[in-house]
Amino acid sequence: MQKCLGIYIENNIIKYAKVSREHDDVRIEAYGIKFFDTLNGEIKQVIDETYSYGTPISVNLANEKYLYFDIFALLSKKDIEQTVETEFETFCEEQKYNKNAFESRYALMPDVLEDEKIRAMDVYVNKIELNRQLEQLEGNRVAKIVPISVAIGSIAKINKNENQIIVNMEEHTTITTIINQNIYEVETLGVGSREILDNINRIENSYSKSYEICKNTTIYTAEVENVEDTDETYLQYIIPIIFEIAQKVQKIVETDWKKIKKVYLTGNLANINNIDLYFQEFLQDAECEILRPRFFKETSQINAKEYIEVNSAIALAVNGLGIGIQEFNFQRANTNEKIKKMLKKDVSFGKEKNGTINLDLSGRLEGSEISLVRGIVAILLVLVVFVAFSMILQNGINKKNAEIDARYAEQQVQISNVEDDTKKLDNKTEKYESLTARLDEIEAKNKEVSTYRQLIPNLLSEIMFSIPEKVEIDEIKNTSGKKIEITASATDYDQLGYFI
């Protein structure tokens, strides 16, 4: 019987599910949710609680990005691989990225719009992010690190000739579009449950309580108008987020050629009461429902909503059991696994019989057989020593690489902070210079006003004491600056000349 422990990790929340598989029978043996401030011992605690010692673990990839390439369908496998690599290199050059800073995986699917082409979906992640995630999981038997947007399709009931969408509203929302039973596209939205839970947490100061409040919230719809138990204090954080997600889903569904018939909702926000009715109001031709694992059979002891809460963890575990797309595993094979694969090859020694080489160890050994056994033992001892040394060396290299990546990332953050501080300082300097120039301008104007303030009265006083009796002032104008024009008239010309 195969078993796998799926662990979905996001901000302050761990969802886990232990799933077993025997032939086509898939069962969920244990599941749950944990809240944490730091991830230090939480994974070990999950392993202890589910008795998953030695059980392979499948976790979600963090901060991945998606690319899509159209490739000519008649190319060979090697040419397709080279084409995808070339396309990715071109993308990195256009974006001014260092190709070696990323790790990527890709899978092929039919191109719906052009029969002579196939579509490659390329998932890539920054190696620093991946190494940090591997460092957090170090010491555990992690068999798979896969994007949750791809793994979530492993538990959905995907019918033939029925295009579907899976909206996974976890910390960040992913929308997985499935065309003709193939994952065709994944869109990652910048919004999700994290904004809602963070806002509620600022009020409640408890992430677990914030999660319960969000889960037990009932939203208003056209069919449900009166909701007495819902606190509108929290609806102000919830409604804008789900409205933005619903609008995006509506836009995808209304794309003519996709012809989406069903929309599945899952993730943290899928636990909100009436969320499916709310989304249905945005969708005309598509049916909307909450995603239940396709192998789930509801009983009196188990409520479907309990499984729906941990859908992401169940999907990771099911994908870890070999169900669904397997090309997007970002876990790197270690030296021990490589040697195990090598030892699986059929290698034996002795006399050949009917095309098969056998070594008969029954009865008393002959001299040649003793020498052969000694040789085998010596080879095995050397191999064991080599494996042990390789593992120690590889672990040392991995730790040093992780330290280098961490130091590099820290330096990059410091450089970024310095650049931000420099920009802020430049902005402050420009603002200070502008204010200084403005003050100088105001001071000059005030000085000019102060200078001119007594000039006119003094001039008029002088005119009053010096003007002859027969001279009349017709007009006095201050044309500009200190320039004054006086228009005067007199009955006697000599009086006017005296005045001038």
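Remember, predicted model here, so these are calculated numbers, not experimental data. Only heavy atoms go into these numbers, but all of them, side chains included; no hydrogens, no water, no symmetry mates.
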Please walk me through it: do Asp48 and Lys44 pass salt bridge (Lys or Arg N to Asp or Glu O under 4.0 Å)? CA-CA 6 Å; Asp48 292 340; Lys44 184 180 183 303; 3.2 Å; yes
Would Tyr432 and Lys428 count as a side chain to side chain contact (heavy atoms under 4.5 Å, CB included) here? Give the steps. CA-CA 6 Å; Tyr432 174 77; Lys428 293 290 184 182; over 6 Å; no
Given salt bridge (Lys or Arg N to Asp or Glu O under 4.0 Å), test Glu170 with Lys15 step by step and report yes or no. CA-CA 11 Å; Glu170 297 284 13; Lys15 300 180 181 182; 2.9 Å; yes
Quick one: do Asn199 and Glu195 satisfy side chain to side chain donor-acceptor pair (under 3.5 Å)? Show the steps, please. CA-CA 6 Å; Asn199 285 325; Glu195 291 87 347; over 6 Å; no
Does the salt bridge (Lys or Arg N to Asp or Glu O under 4.0 Å) test come out yes or no for Glu29 and Lys3, once each step is laid out? CA-CA 9 Å; Glu29 297 185 358; Lys3 293 185 179 182; 3.7 Å; yes
Going through the distances and angles, do Lys400 and Asn395 end up as a side chain to side chain donor-acceptor pair (under 3.5 Å)? CA-CA 9 Å; Lys400 290 299 180 182; Asn395 287 335; over 6 Å; no
Step by step, work out the salt bridge (Lys or Arg N to Asp or Glu O under 4.0 Å) result for Lys99 and Glu93. CA-CA 8 Å; Lys99 174 183 174 294; Glu93 289 176 2; over 6 Å; no
Start with the C-alpha distance between Lys248 and Glu187, add both sets of side-chain angles, then the distance that settles side chain to side chain contact (heavy atoms under 4.5 Å, CB included), and finish with yes or no. CA-CA 10 Å; Lys248 182 62 178 179; Glu187 293 191 53; 2.9 Å; yes
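Within a 6.0 Å sphere centred on CZ of Phe35, heavy atoms belonging to other residues, nucleotides or ligands number more than 12. The number of heavy-atom neighbours closer than 6.0 Å to CD of Glu244, taken from other residues, nucleotides and ligands shown, is 12 or below. The environment of Gln95 atom CD is dense: over 12 non-hydrogen atoms of other residues, nucleotides or ligands sit within 6.0 angstrom. The number of heavy atoms from other shown groups lying within 6.0 Å of CG (Asp24) does not exceed 12. The environment of CG in Asp285 is sparse: at most 12 heavy-atom neighbours from other residues, nucleotides or ligands sit within 6.0 Å. Under a cut-off of 6.0 angstrom, the local environment of CG in Asn205 is sparse, with at most 12 non-hydrogen atoms contributed by other residues, nucleotides or ligands. Crowding of Asn98 atom CG: a count of heavy atoms from other residues, nucleotides or ligands under 6.0 Å exceeding 12. For Lys261, the NZ atom is loosely surrounded, since the number of other residues' heavy atoms within 6.0 Å does not exceed 12.
With respect to the salt-bridge test (charged N to carboxylate O, under 4.0 angstrom), the residues Arg27 and Glu22 do not qualify. Checked for salt-bridge contact, Glu81 and Lys78 miss the test: no charged N lies under 4.0 Å from a carboxylate O.
For the pair Val19/Tyr31, no side-chain contact is recorded, criterion being any heavy-atom separation below 4.5 Å from C-beta on. Taking 4.5 Å as the limit, some side-chain heavy atom of Arg292 sits within range of a side-chain heavy atom of Ile308. Inter-residue side-chain proximity for Val249 and Ile175 is flagged as met; some heavy-atom pair is nearer than 4.5 Å. Put simply, the side chain of Ile145 reaches to within 4.5 Å of the side chain of Leu134, judged on heavy atoms. Taking 4.5 Å as the limit, some side-chain heavy atom of Lys262 sits within range of a side-chain heavy atom of Glu162. Residues Val318 and Phe295 are in side-chain contact: their nearest non-hydrogen atoms beyond the backbone lie under 4.5 Å apart. Contact check for Phe279 versus Ile245: side-chain heavy atoms found under the 4.5 Å cut-off. In this structure, the side chains of Val186 and Met121 come closer than 4.5 Å at one or more pairs of heavy atoms.
Among all heavy-atom pairs drawn from Val125 and Glu129, the shortest one is CG2-CB, 4.4 Å. Nearest heavy atoms, Gly153 versus Ile166: CA-CD1, 3.9 Å. The nearest pair of heavy atoms linking Val84 to Asp122 is CG1-OD2, 3.5 Å. The shortest non-hydrogen separation linking Lys157 to Gln164 is O-NE2, 3.2 Å. When all heavy atoms of Tyr220 and Tyr278 are compared, the closest pair comes out as O-CD1, 3.8 Å. Considering every non-hydrogen atom in both Ala317 and Ala17, the closest pair reads CB-O, 3.7 Å.
Proximity of a side-chain donor or acceptor of Thr266 to a complementary backbone N or O of Asn168 within less than 3.5 Å is not detected. Side chain of Asn163 to backbone of Asn180: a donor-acceptor contact under 3.5 angstrom is found. In this structure a side-chain-to-backbone donor-acceptor pair under 3.5 Å is present from Ser206 to Lys209. One N or O on the side chain of Asn271 and one on the backbone of Asn268 form a donor-acceptor pair closer than 3.5 Å. Of the possible donor and acceptor atoms, none in the side chain of Asp79 sits under 3.5 Å from a partner among the backbone N and O of Leu75. Checked by atom type and distance alone, the side chain of Glu287 never pairs as donor or acceptor with a backbone atom of Val263 at under 3.5 Å. In terms of modelled atom types and a separation under 3.5 Å, the side chain of Glu114 and the main chain of Asp111 share no donor-acceptor contact. Lys18 places a side-chain N or O within donor-acceptor distance of the main-chain N or O of Tyr51, the cut-off being under 3.5 Å. Of the possible polar contacts, none joining the Asn319 side chain to the Ala315 backbone as a donor-acceptor pair under 3.5 Å is found.
Between Asp426 and Thr429, the side chains place no donor N or O within less than 3.5 Å of an acceptor N or O (distance only, hydrogens not considered). Residues Gln280 and Asp276 bring no donor and acceptor atom of their side chains to less than 3.5 Å of each other.
Between Gln133 atom CD and Ile9 atom CD1 the span is 6.5 Å, to the nearest 0.5 Å. A distance of 8.5 Å separates CG in Asp70 from CG in Leu113, rounded to the nearest 0.5 Å. Distance check, rounded to the nearest 0.5 Å: CD of Glu89 to CD of Glu94 gives 12.5 Å. Between atom CD of residue Gln136 and atom CD1 of residue Ile43 there is a gap of 7.5 Å, rounded to the nearest 0.5 Å. Interatomic distance, Leu383 CG to Ile376 CD1, rounded to the nearest 0.5 Å: 13.0 Å. Separation of atoms CD (Glu185) and CZ (Arg119) is listed at 5.5 Å; rounding is to 0.5 Å.
The side-chain tip of Arg105 points at the ring of Phe330 from less than 6.0 angstrom away and within 45° of straight on.
Aromatic pair Tyr124/Tyr66: ring centres not closer than 6.0 Å. Outside the 6.0 Å centre-distance limit, the rings of Tyr8 and Tyr16 are not counted as a close aromatic pair.
Sorted by first then second residue, the ring pair (Phe, Tyr, Trp, His ring centres under 6.0 Å) pairs that include residues 180-200, not counting sequence neighbours, are Tyr184-Trp257.
With sequence neighbours left out, the ring pair (Phe, Tyr, Trp, His ring centres under 6.0 Å) criterion links Tyr408 to no other residue.
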